[in-house]
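These figures come from a predicted structure and were not determined experimentally.
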Amino acid sequence: MKEKTEGARKIWNKYKYAALVALIGAGLLLWPGLGSGEAAPRLGRKDPPARSTQSGWDLGTVQTEMEEILGAMDGVGQVKVMLTVDSDGERQLAQDTQLSYSGDTAAPEDYSRKSETVRLDGSGGDEAVVVRTTYPTYRGALVVCQGGGSAEVRLAVTGAVAALTGLPTDRVTVAKWQ
């Protein structure tokens, strides 16, 4: 029994640094955002245009709604908001797919596939079935407002924008209107 623990101790002493590096690597992969597989933003990359057809949201509408909400806060005054996005949101629609083939199932001679978006007849009319919705991720926000000279207003606006967008507060800048 004592020989087994000594053998295990020798192996541990020999490979403890490799095990530590492996554990740190696994921790970084599990850390939110670091192991997501998304490429790091490139310098000079232009933001994608706002779209409302495929993704179901419009960046201009979001900015306008935020301007209205922030402008209603005490001390903010006139306000302009600019949001930059890191990735567009999207909606994945349910598909009804039919596959037909001729010949042997193991080695078909010819095949064809037909896909159609699944639609429901509701009270509001014909509506596509949404399987998954991914919302956009924001890169940063700039808010210019009349009350931007006040630390209290800057703090309130920064907190509100962070809550609405999911951005950390260090990616939200509030400046005073000229």
Trace of the side chain to side chain contact (heavy atoms under 4.5 Å, CB included) decision for Arg171 with Arg139: CA-CA 7 Å; Arg171 294 216 174 181; Arg139 182 184 304 160; 4.1 Å; yes
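- Side-chain contact between Tyr138 and Val62 is present, with heavy atoms from C-beta onward closer than 4.5 Å.
- Between Val79 and Val144, every side-chain heavy-atom pair lies at or beyond the 4.5 Å cut-off.
- Here the closest non-hydrogen pair linking Gln95 and Ser115 is OE1-CB, 3.8 Å.
- With a 4.5 Å cut-off on side-chain heavy atoms, Glu116 and Thr97 do not count as touching.
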Evaluation steps, side chain to side chain contact (heavy atoms under 4.5 Å, CB included), between Val85 and Thr137: CA-CA 6 Å; Val85 292; Thr137 54; over 6 Å; no
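- Within the 4.5 Å cutoff, the side chain of Cys145 has heavy atoms near those of the Val174 side chain.
- Distance alone, capped at 3.5 Å, places no donor-acceptor pair between the Glu67 side chain and the Lys80 backbone.
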Verdict with reasoning, Thr165 to Met66, per side chain to side chain contact (heavy atoms under 4.5 Å, CB included): CA-CA 10 Å; Thr165 61; Met66 285 183 70; 4.2 Å; yes
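- Rounding to the nearest 0.5 angstrom, the gap separating the OG atom in Ser100 from the NZ atom in Lys114 is 9.5 Å.
- Separation of atoms CD (Glu152) and CG (Asp74) is listed at 7.5 Å; rounding is to 0.5 Å.
- Nearest heavy atoms, Arg154 versus Gly149: NH1-O, 3.3 Å.
- Shown here is Lys16, whose NZ atom has more than 12 heavy atoms of other residues, nucleotides or ligands within 6.0 Å.
- In plain terms, the two heavy atoms of Leu83 and Ala141 that are nearest each other are CD2-CB, 3.5 Å.
- Taking the side chain as every heavy atom from C-beta outward, Val157 and Val76 approach each other to under 4.5 Å.
- No side-chain donor-acceptor contact under 3.5 Å links Thr158 and Thr169.
- Residues Leu167 and Ile69 fall into different hydrophobic clusters, defined by Ile, Leu, Val, Met, Phe, Trp and Tyr side chains chained together at heavy-atom separations under 4.5 Å.
- No donor-acceptor pair under 3.5 Å is formed between the side chain of Thr173 and the backbone N or O of Leu142.
- Contact check for Val161 versus Val143: side-chain heavy atoms found under the 4.5 Å cut-off.
- Smallest separation of non-hydrogen atoms from Gln146 and Gly77: OE1-CA, 3.6 Å.
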